[in-house]
Amino acid sequence: MAPSMRDLQLTAVEANISVSESGEDERLLSSYDEENSGNLRRIQVSVVGMTCAACSNSVESALRSLNGVVGASVALLQNKADVTFDPSQVKDEDITNAIEDAGFEAEILPEPSTSHSNPSGNLVGQFTIGGMTCAACVHSVEGILRKLPGVKKAVVALATSLGEVEYDPTVISKDDIISAIEDAGFDASFVQSNEQDKTVLGVTGIMSEMDVQMLEGILCNLKGVRQFYFDRTSKEVVIHFDPELLGSRTLVDEVESGSFGKLKLLMKNPYTRMASKDLEESTKMFRLFTASLFFSIPVIFMRVICPRIPILYSLLLWRCGPFQMGDWLKWGLVTVVQFVIGKRFYVAAGRALRNGSTNMDVLVALGTSASYFYSVYALLYGAITGFWSPTYFETSAMLITFVLFGKYLESLAKGKTSDAIKKLVELTPATAILLIKDKGGKVVGEREIDALLIQPGDILKVVPGTKLPADASVVWGSSYVNESMVTGESAPVLKEVNSLVIGGTINLHGSLHIKANKVGSKTVLSQIISLVESAQMSKAPIQKFADFIASIFVPTVVILALLTLLGWYLSGVLGAYPKEWLPENSNYFVFSLMFSISVVVIACPCALGLATPTAVMVATGVGANNGVLIKGGDALERAQKIKYVIFDKTGTLTQGKATVTTAKVFSGMSRGEFLTLVASAEASSEHPLAKAIVEYTRHFHFFDEPSAAKDTHNNGQESKSFGWLLDVSEFSALPGQGVQCFVGGKKILVGNRKLMTENKVTIPSHVENFVVELEESAKTGILVACDNDIIGVLGVADPLKREAAVVVEGLMKMGVNPVMVTGDNWRTAKAVAKEVGITDFRAEVMPAGKADVVRSFQKGGNIVAMVGDGINDSPALAAADVGMAIGAGTDIAIEAADYVLMRSNLEDVITAIDLSRKTFSRIRLNYVFAMAYNVISIPVAAGVFFPWLRIKLPPWVAGACMALSSVSVVCSSLLLRRYRKPRLTTILEITVE
């Protein structure tokens, strides 16, 4: 079949996704003002070649210089850029070209949201890119990809080594894209796809060409298979199929049965592949380090040990041609280290310089080359003139060895920053037990299948102590389920028939039969992983400081190194210091050159570039483990400055389970007739209060229901059609007021005072007094009118959450002012606010008016957080500096919120603020360390203190210090993994920092 099916799997995406719809897919530019995003487009681009913050700064500058680009942000660790632009002025190719012109490689990545249709027919491929060392590499890859014809988007992330490309398959194939990456000197391989009619399967049992032909024959005869390609190297088969005719499990079953069990197809978890890529990267760095060490140890041995062993030293002094044997050995060993093992530094430095940028690789290549070529020059000069100067081959070799060692440790540490995603991936079980039913629905057997082959509608058996394989609903049995790994809720949750369960959670006691509802990328766990990945790619505003420093860092260091060289050399020539300071057989130039090389190699821009992204990656992972999902570094930064927290009342401060406590009739009709009339009017409403009224009336009529209706309710199946409900016409729900309709030709109004007033219904004084009593006892009074006459009042109460008062007090201890906003009346709001300890509240606020309340508190530059349910409060959540959607449960894709709190527990609000404060304390500490390191180490390396203290750093020691500085910053960020959220009993002990 088509060879273009080789490595890259593709998926359809929307051609034009507005900013307001992108939700958690907004990875890097989440701080952009959504109000201005009407005709704008946002894309993600993979950037290859970035090594430090200077590289990412170069990319941002190149992007922002384009006319039509309104925002650009680059994530160094993830090797990705996020660009918002006007498509009428800028094309995708222009963006990739700008990055490539800056000296980096670029590739447009697909949007994570793949569930929408794609009218343009563009495809998206996601793959890993190997060989990237810094932001410059990222930039190079993105630039190359964006220049390819037909490529619409390309985004690359350094930390995850992932690239995503959206392209037109009629113009360019995925093989062309992979070839372009490989031609740039990088490795590319398939990661995953969200395309529904395409799958990549591993094949076992292939022993000969006959087996390959058998596989191809089975697939060719399988109805629904459009095309396929078998890669003999990777033993993977890529299959395009019609999802209306075939499913992944059917494919697996047909191949296994058609080959009589000889061939087996295996689904591959994309995240497992990503983890293996991380392992490959660290393994590669370890091999390079050990190889460099293997060649460097003899050089050091000849320089330090051999002069003390006469026999060995005499062999080294043996002249062989123009040079001594020791010189030949040193030159040969170090040449391998310099140009074979150290080739990666020259390649990366050359790529950066071609693009007009500088990075850490430039400094390493410059420092090691100076030492190596001076040593070669000293040998040649001695052979020609007979004046032999000391060589410094060991300096070059040890520099590269220590830098590679630091890179190896850094890759290990950076891998641990993404442990949260790896742990989430591991939650999903490898297999599931599928129940096989006959046509009558009776279970006739069961079979074990790969969990990746589960399809919606499958009935699965979950035995005690095992993990639930998919998001599903319980169809038989009852048990307690541990959901702490997903929601952070420590207490087991009872699951009965019709209860929803989350894939990856643990069934504790009873056996369950569940019906799969969501599988693959649609599950809660997959969405959480996607959300955490998006957050880890975001860039906190504080990182702009590091980007600015990095943009001028390398040129400044090179200038300082030249000044050091000239300063020491001229001072020596002019006699400013005695010759006794010079090493044996040395001269002023060599003496000065060693100081200069030390300055070049000890300066470390990487520590500055890693200070923020590593801390953000760890913090988002820690938050996910505690049921707090953070959508980006900018949200983290704003949260630690929160001055006001605005709570919605219903469902946030209260339990959201309204119950009717009072039913007062003020007319001649009976209580049953009154409740039936009100319930009939409210039955078509989705409002929580309406549901409470219908449920209360149902209980009242319970003994009048047919037995079948009772059985239906007892089985947990809600029904909105009851025999006692009256026919309703012209129903309309009025937000913030209530409902109105006609029942039996009579106009029925159910709602608050505003509804009655606008319909010119007079409220008698005794009714008003009764409603006031309800409101002063923290209950909501609901007025009912029939043909413009008040006929009764219902009192509805919504109990407060048990932790509400403690959390409110805890926030005040933290220096945060709690505020309550509600659409309820003033008296009820006052009573609730008093009960939880809130002194500032806003009542009778329409849903659209909550955003105005948020803006009123933002005046004066205050940072305001809004805590709501994420649905009715979405305008306020979007308007707030920090939106927190609480109690998201299984619906985590809340676009308006910056924080998604999986549980309904208000303690998580404090956890979110506390985590952000501790994260940014760590980031500031990282910056202090990185800055202090460079401020102190560069003068020491330059020999500023040498005249008084005789302190001198040999270049190889300087290289070791540089390598370890980055590792120390990453390890500092990793300390955030020890974070423990404040307990309810200790929240009140939190004080203002």
Quick check: closest heavy atoms across [X] and [Y], and the distance to 0.1 Å?
{"X": "L565", "Y": "S592", "result": "O-CB, 3.5 Å"}
{"X": "L976", "Y": "A615", "result": "CD1-O, 3.8 Å"}
{"X": "S972", "Y": "L925", "result": "OG-CD2, 4.5 Å"}
{"X": "G943", "Y": "P947", "result": "O-CD, 3.5 Å"}

(message) Quick one, R922 with S973, criterion side chain to side chain donor-acceptor pair (under 3.5 Å). Give me CA distance, side-chain angles, the key distance, then yes/no.
(response) CA-CA 7 Å; R922 180 62 56 181; S973 296; over 6 Å; no
Distance-only, no hydrogens or angles: does the [X] side chain make a donor-acceptor pair with backbone N or O of [Y] under 3.5 Å?
{"X": "T564", "Y": "L560", "value": "yes"}
{"X": "R64", "Y": "A72", "value": "yes"}
{"X": "S65", "Y": "A62", "value": "yes"}

(request) Apply side chain to side chain contact (heavy atoms under 4.5 Å, CB included) to the pair L333 and M302, showing each step before the final yes or no. (result) CA-CA 11 Å; L333 291 170; M302 286 186 282; 3.9 Å; yes
Euclidean distance, [Y] [atom2] relative to [X] [atom1], rounded to 0.5 Å:
{"X": "L975", "Y": "K918", "atom1": "CG", "atom2": "NZ", "value": "13.5 Å"}
{"X": "I99", "Y": "L63", "atom1": "CD1", "atom2": "CG", "value": "4.5 Å"}
{"X": "L288", "Y": "I400", "atom1": "CG", "atom2": "CD1", "value": "10.5 Å"}
{"X": "I923", "Y": "L636", "atom1": "CD1", "atom2": "CG", "value": "7.0 Å"}
{"X": "F289", "Y": "S296", "atom1": "CZ", "atom2": "OG", "value": "9.0 Å"}
{"X": "S292", "Y": "L404", "atom1": "OG", "atom2": "CG", "value": "5.5 Å"}

Enumerate donor-acceptor pairs with a distance under 3.5 Å from any side-chain N or O in residues 566-579 to protein atoms, sequence neighbours excluded.
unit_1 : atom_1 : unit_2 : atom_2 : d
W568   : NE1    : A942   : O      : 2.8
S571   : OG     : G567   : O      : 2.6
Y577   : OH     : W568   : O      : 2.8

(message) Under a plain distance cut-off of 3.5 Å, with no hydrogens placed, do Q338 and T368 share a side-chain donor-acceptor pair?
(response)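 Their side chains do contain a donor-acceptor pair, which is all the 3.5 Å distance test asks for.
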(message) Under a 3.5 Å threshold, yes or no: a donor from one side chain and an acceptor from the other, between Y372 and W331?
(response)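 Indeed, the side chains of Y372 and W331 share at least one donor-acceptor pair under 3.5 Å.
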(message) Can you tell me if F294 has over 12 outside heavy atoms packed within less than 6.0 Å of its CZ?
(response)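 No, because the 6.0 Å sphere around CZ of F294 holds 12 heavy atoms or fewer from other groups.
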(message) Quick check on ring-ring contact (aromatic ring centres under 6.0 Å, His included): which of Y588, F595, F589 does F591 satisfy it with?
(response)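 Output: one option passes, namely F595.
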(message) Before you tell me yes or no, could you show the steps for L66 and F85 under side chain to side chain contact (heavy atoms under 4.5 Å, CB included), namely the whole-Å CA-CA distance, both residues' side-chain angles and the distance that decides it to 0.1 Å?
(response) CA-CA 9 Å; L66 293 175; F85 62 97; over 6 Å; no
(message) Are V90 and N67 packed together at the side-chain level, in the sense that at least one heavy-atom pair is separated by less than 4.5 angstrom?
(response)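 With C-beta onward as the side chain, the pair stays apart.
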